[in-house]
Amino acid sequence: MTQVARIVEILRGDVAPGTRATVEGWIRTRRDSKAGLSFLHVHDGSCFDAIQVVAPASLPNYESDVLRLTTGCAVAITGTVSASPAAGQAVELQAESVDVVGWVEDPDTYPISPKRHTFEYLREVAHLRARTNTFGAVARVRHSLALAIHRYFDEHGFYWVHTPILTTSDAEGAGELFRVSTLDLANLPRTAGGAVDFAQDFFGKPAYLTVSGQLNVETYCLALERVYTFGPTFRAENSNTSRHLAEFWMVEPEIAFADLDDNADLAEDLLKYSFRAILDERPDDMAFFAERIDKQAVSRLEGLVTSSFARMTYSEAIAALERSGRDWEFPVSWGVALQAEHERYLCEEYAHRPVVVTDYPKEIKAFYMRLNDDERTVAAMDVLAPGIGEIIGGSQREERLDVLDRRIVEVGLDPASYSWYRDLRRYGTVPHAGFGLGFDRSIAYATGMANVRDVIPFPRTPGSADF
RNA sequence: UCCGGCGUAGCUCAGUCGGUAGAGCGGGCGGCUGUUAACCGCUUGGUCGCAGGUUCGAGUCCUGCCGCCGGAGCCA
């Protein structure tokens, strides 16, 4: 009886030499030898490496099938696992049968030919790019990081809360919203005044895709104490950068009976735990990233998990920027928002590691962030990572109803629109805090991939939502 | 949205001063070899993004449009 084995099981030695096994996967390369055999490299996604299959010319379908195999063909190969006599691999599979499950109908135009491709090109063939070394590695690291994040929270008493994707809250203030409607766009119902009559829409009012689960998850925080969201988030901003997606994944923990220091501790602990997990669980993929994508990929993570993050207040950051003697494109003074060039300096040149910047001027932050005693700043924090910029943004939340109302009015919003959010402050309010971690940005940071469009399977950006 | 750059073979690119379209890789054929991003030879392969304009002649110069990429802003 022959068992189907994942390639990783064979390569790591779980299948003893001499054992018959079947592997199922896709051809990466084929090399023929006049010694009377062909070498097939087969990958199945179970690990970075492909397995070398030795296909002897004595196979009945050697001429008809094996010699016609090209990159991308799907195969099922049964053979004997054996030690490899040549350098390059410890074990290989001596084929007894090679079944072609699916041919590549035209090797000349197969989009993933065995050569280097630019990432820009591969985005155009996103349905096939997962077969490449790079995107297979990204997929495995992405999976590993997601599971590590869930595991961290589970081990620390957090509950995963499924906050809604659809929302009718139109004033979250975190970005442009995608409208969701079942109205006939070509024949919109109108009110007497001529406006679109959203009373006839699916929810009886305007609806959108969520830009953050935070406000919702705060409600569960004030019941279960430690909670988090992990799901897709949507922003209809016309952002065209290597760090922005219209649909991205965000992790938003929220902790009760906690202040900004607890929040920063959590952010640092979570990042260290989950990045350490990548190093432990995906050494093969990370070695590839360090070799081919970004030489610092492994050393950067190793440094991150063993050293503490730098921490400074916004005021200290401004002072450091002023002392730098740099000629900033955007002049620095207390009260201005930190620009990309400032954030880059702080983590890449000033601290040489991730930096937590806290206590920003209230004018440049959201209304729900807790007002500090100085009445000028709020208990906000950003975590800045070298090479990628802001990967975390968070705050201690304003738990005092009178102060919250004052802030809502100050920024021009209507307290009546936040009735359930205000109720949390009316009924058993407690200090609490939380943050948003950009999951895709974290993958980019960990792998050294330069563009978040290449760390998510099917990127959505302005003007682009194919596949 | 703003600034900059780029659109030439399946892919990555070169193409000089405006003068009949090139290379590498891939694919095909052959050679060689327990090979390993193999190597050697031959070969295949083009709406030069689209539409106008200038010119005897445009891949090349001009105008408009479309698409993509990078940076900025917004943010995660």
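Letters A, B, ... are given to chains in the order of the sequence lines, protein chains preceding strands, and every chain is numbered from 1. Reckoned from all heavy atoms, side chains included, excluding hydrogens, waters and symmetry mates.
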Which nucleotide in the set B:A76, B:U35, B:G26 lies at the smallest distance from any side-chain heavy atom of A:Met250? B:A76

Under a 4.0 Å N-O cut-off, is there an ion pair linking A:Asp265 with A:Arg311? yes

Assess the pair A:Tyr208 and A:Phe234: is the distance between their ring centroids shorter than 6.0 Å? no

Quick check: any donor-acceptor pair below 3.5 Å linking the side-chain of A:Ser239 to the base of B:C75? no

Using the six-membered ring wherever Trp is involved, compare the ring planes of A:Phe458 and A:Phe467 and label them parallel, tilted or perpendicular (cut-offs 30° and 60°). tilted

For A:Lys115, check side chain to side chain contact (heavy atoms under 4.5 Å, CB included) against everything at least two apart and list the hits. A:Ser113, A:His117

Nucleotides 43-49 of chain B: protein proximity per nucleotide (B base, S sugar-phosphate only, - neither; heavy atom, under 4.0 Å): -------

Which of these nucleotides, B:C32, B:G34, B:G70, is closest to any side-chain atom of A:Gln89? B:G34

Does A:Asp32 get its side chain close enough to the base of B:U33, under 3.5 Å, for a donor-acceptor pair? no

What is the nucleic acid contact for A:Glu92, judged by heavy atoms within less than 4.0 Å: base, sugar-phosphate only, or nothing? base

Please, what dot-bracket string fits RNA chain B when only Watson-Crick and G-U pairs with both distances under 3.5 Å count, crossing ones use [ ] and pairs to another strand use |? (((((((..((((.....[..)))).(((((.......))))).....(((((..]....))))))))))))....

May I ask you to evaluate whether A:Asn451 reaches the phosphate of B:G70, defined as a side-chain N or O under 4.0 Å from OP1 or OP2? yes

Between A:Phe367 and A:Tyr418, does the ring centre distance come in under 6.0 Å? yes

Using a 4.0 Å heavy-atom cut-off across all strands, classify A:Val452 as base, sugar-phosphate, or nothing. nothing

Hey, does the side chain of A:Thr118 come within less than 4.0 Å of B:U12's phosphate (OP1/OP2), counting only N and O? yes

Are any of the side-chain heavy atoms of A:Phe153 and A:Leu270 separated by less than 4.5 Å? yes

A:Arg243 side-chain proximity, nearest of B:A72, B:G34, B:C69: B:A72

Is a donor-acceptor pair below 3.5 Å formed from side chain A:His117 to base B:C11, judging by atom type as modelled? no

Take a 6.0 Å sphere around CZ of A:Phe288 and say whether it holds more than 12 heavy atoms from other residues, nucleotides or ligands. yes

Does B:A37 have its OP1 or OP2 closer than 4.0 Å to a side-chain nitrogen or oxygen of A:Arg30? no

Answer yes or no: is there an ion pair linking A:Arg142 with A:Asp440, defined by an N-O contact shorter than 4.0 Å? yes

Within the structure, does a side-chain N or O atom of A:Arg31 lie under 4.0 Å from either OP1 or OP2 of B:A38? yes

Of the nucleotides B:A72, B:U35, B:G26, which has the atom closest to the A:Gln339 side chain? B:A72

Taking B:G10, B:A72, B:A76 as options, the one with an atom nearest any side-chain atom of A:Thr241 is B:A72

Choose from B:A38, B:U35, B:U1 the nucleotide whose nearest atom is closest to any side-chain atom of A:Ser84. B:U35

Do A:Arg441 and B:C75 have a side chain to base donor-acceptor pair shorter than 3.5 Å? yes

Hey, is the side chain of A:Arg235 poking within less than 4.0 Å of OP1 or OP2 on B:G73, counting only N and O atoms? no

With a 4.0 Å cut-off on heavy atoms, is A:Arg344 in touch with a base, just the backbone sugar-phosphate, or nothing at all? sugar-phosphate

How is A:Ser442 classified with respect to the nucleic acid when contacts are heavy atoms under 4.0 Å: base, sugar-phosphate, or nothing? nothing

How is A:Ser242 classified with respect to the nucleic acid when contacts are heavy atoms under 4.0 Å: base, sugar-phosphate, or nothing? sugar-phosphate

Do A:Tyr110 and the base of B:G10 stack face to face, with centres under 5.5 Å apart and an angle between planes under 30°? no

Would you say the side chain of A:Gln94 and the base of B:G34 hold a donor-acceptor pair, judged only by whether the two atoms sit under 3.5 Å apart? yes

A:Glu120 (side chain) and B:U12 (base): donor-acceptor pair under 3.5 Å: no

Contact class for A:Ile392 vs. all strands (heavy atom < 4.0 Å): base, sugar-phosphate, or nothing? sugar-phosphate

State which of B:C75, B:A38, B:G34 makes the closest approach to the side chain of A:Ser33. B:G34

